[in-house]
Participant: 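Here it is, the structure in full.
Just so you know, these numbers come straight off a predicted model, no measurement behind them.
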Amino acid sequence: MHARVRRAHFETDVEQLLAHDADERINVRDARVERRRREESVRTFTEYFDGATYHEWDDVEPPIVSVSRDASLAWMIVSVRVRRTKNGEELRFRYAGIDTFEKRDGRWIKVAEVGTFQRE
């Protein structure tokens, strides 16, 4: 899944990016806890990707993954360095976050995300 998310950024492919997202998930960022519907994420990332080119979206360290003993829950912690341009402006930042997944009908679905950003 992590490789798919990376590829989705380089291809600016919203559907690929959100392929494992639940119809509604919990998002924690900037001291706020929000329930985010898939439609909202599609709009947000469509705008975010529009006109963007990714030059770097690389792991700072390997992802840390854990799966519950009964294989019904899992989480993944990532830390990536990103460099992208949009409308001629370059943006460099690091993202670190944790995604929580539930196994539903034999498929992993992202149900929560906590993320932090730091400009470089």
Side-chain angles (χ1 to χ4, degrees):
M1 282 187 280
H2 183 59
R4 175 182 276 186
V5 169
R6 181 180 190 274
R7 190 170 49 254
H9 280 82
F10 283 104
E11 295 174 4
T12 60
D13 184 336
V14 174
E15 287 305 314
Q16 184 175 201
L17 179 71
L18 303 176
H20 290 276
D21 280 28
D23 288 335
E24 181 178 271
R25 66 180 168 84
I26 298 169
N27 185 273
V28 181
R29 185 162 291 132
D30 301 327
R32 290 192 315 267
V33 178
E34 301 174 337
R35 292 191 180 275
R36 187 171 289 174
R37 301 237 5 112
R38 181 179 181 79
E39 297 82 22
E40 180 184 349
S41 293
V42 168
R43 281 191 305 274
T44 298
F45 281 105
T46 297
E47 182 179 309
Y48 185 70
F49 280 168
D50 185 39
T53 301
Y54 284 80
H55 309 282
E56 185 177 7
W57 197 97
D58 298 316
D59 292 322
V60 174
E61 56 191 71
I64 303 167
V65 178
S66 181
V67 178
S68 66
R69 289 182 191 259
D70 68 354
S72 64
L73 296 171
W75 51 262
M76 176 173 53
I77 297 172
V78 300
S79 177
V80 297
R81 179 177 298 107
V82 179
R83 183 171 64 90
R84 68 180 234 148
T85 53
K86 184 172 180 172
N87 301 326
E89 182 180 332
E90 183 178 76
L91 177 63
R92 294 173 183 254
F93 64 91
R94 285 188 52 178
Y95 167 82
I98 181 169
D99 294 338
T100 305
F101 299 87
E102 289 180 1
K103 194 134 205 199
R104 297 181 183 170
D105 298 322
R107 189 168 175 260
W108 289 111
I109 303 295
K110 182 164 64 168
V111 296
E113 174 186 7
V114 178
T116 63
F117 296 86
Q118 180 178 355
R119 285 190 178 237
E120 289 194 326

Participant: Hey, any chance Y95 and W57 share a hydrophobic cluster, counting ILVMFWY side chains that come within less than 4.5 Å of each other, even indirectly?
Facilitator: yes

Participant: Less than 4.5 Å apart, side chain to side chain, heavy atoms only: is that true for D99 and W75?
Facilitator: no

Participant: Decide if the gap between the ring center of W108 and the ring center of H20 is smaller than 6.0 angstrom.
Facilitator: no

Participant: I need the minimum non-hydrogen distance between A71 and V67, along with the two atoms involved.
Facilitator: CA-CG1, 3.8 Å

Participant: What distance do L18 atom CG and D13 atom CG have between them, rounded to the nearest 0.5 Å?
Facilitator: 9.0 Å

Participant: Is it true that R83 and E90 make a salt bridge, defined as a side-chain N closer than 4.0 Å to a carboxylate O?
Facilitator: yes

Participant: Fit a plane to each ring of H9 and F49, take the angle between them on a 0 to 90° scale, and name the class: parallel (under 30°), tilted (30 to 60°) or perpendicular (over 60°).
Facilitator: perpendicular

Participant: Quick one: are V5 and L17 in side-chain contact, heavy atoms under 4.5 Å?
Facilitator: yes

Participant: Between R29 and E113, is there a salt bridge with N-O shorter than 4.0 Å?
Facilitator: yes

Participant: Given side chains that start at C-beta, do those of K86 and R84 come closer than 4.5 Å, heavy atoms only?
Facilitator: yes

Participant: Tell me whether V114 shares a hydrophobic cluster with I64, the cluster being built from Ile, Leu, Val, Met, Phe, Trp, Tyr side chains joined at under 4.5 Å.
Facilitator: yes

Participant: Under a 4.5 Å cut-off applied to non-hydrogen side-chain atoms, are S72 and E102 in contact?
Facilitator: no

Participant: Would you say that more than 12 heavy atoms from the other residues, nucleotides or ligands in this model lie under 6.0 Å from the CD of E120, or not?
Facilitator: yes

Participant: Rounded to the nearest 0.5 Å, what separation is found between the OG1 atom of T116 and the CD1 atom of I98?
Facilitator: 11.5 Å

Participant: Charged N to carboxylate O below 4.0 Å: is that the case for E24 and R38?
Facilitator: no

Participant: Would you say E47 has more than 12 foreign heavy atoms packed within less than 6.0 Å of its CD?
Facilitator: no

Participant: With rounding to the nearest 0.5 angstrom, report the CZ to CZ distance, R119 to R94.
Facilitator: 15.5 Å

Participant: Test of understanding: clusters of I, L, V, M, F, W, Y form through side-chain heavy atoms closer than 4.5 Å, transitively. Do V111 and I77 belong to the same one?
Facilitator: no

Participant: Give a yes or no on whether V60 and L91 share a hydrophobic cluster (residues Ile, Leu, Val, Met, Phe, Trp, Tyr; joining criterion: side-chain heavy atoms under 4.5 Å apart).
Facilitator: no

Participant: Salt bridge check: are R6 and D58 linked by an N-O gap of less than 4.0 Å?
Facilitator: yes

Participant: Work out which heavy atom in A52 is nearest to a heavy atom in Y48; give both atom names and the distance.
Facilitator: CB-O, 3.9 Å

Participant: Report yes if the distance between the aromatic ring centroids of F10 and H55 is under 6.0 Å, otherwise no.
Facilitator: no

Participant: Just wondering, do E56 and V82 contact through their side chains at under 4.5 Å, heavy atoms?
Facilitator: no

Participant: Can you confirm whether V42 sits close enough to T44 that some side-chain heavy atom of one is under 4.5 Å from a side-chain heavy atom of the other?
Facilitator: no

Participant: Looking only at side-chain N and O atoms, does R7 offer a donor or acceptor that is under 3.5 Å from a partner on Q16?
Facilitator: yes

Participant: If you define the side chain from C-beta out and look only at heavy atoms, does anything of H2 sit under 4.5 Å from M76?
Facilitator: yes

Participant: State the CG-CD distance between D21 and E15, to the nearest 0.5 angstrom.
Facilitator: 10.0 Å

Participant: Does M1 share a hydrophobic cluster with V14, counting links as ILVMFWY side-chain heavy atoms below 4.5 Å and allowing steps through other members?
Facilitator: yes

Participant: With E89, which residues qualify under side chain to side chain contact (heavy atoms under 4.5 Å, CB included), at least two apart?
Facilitator: none

Participant: Whether R107 engages the ring of F101 as a cation-pi pair (distance to the six-membered ring centre under 6.0 angstrom, angle to the ring normal within 45°) should be assessed.
Facilitator: no

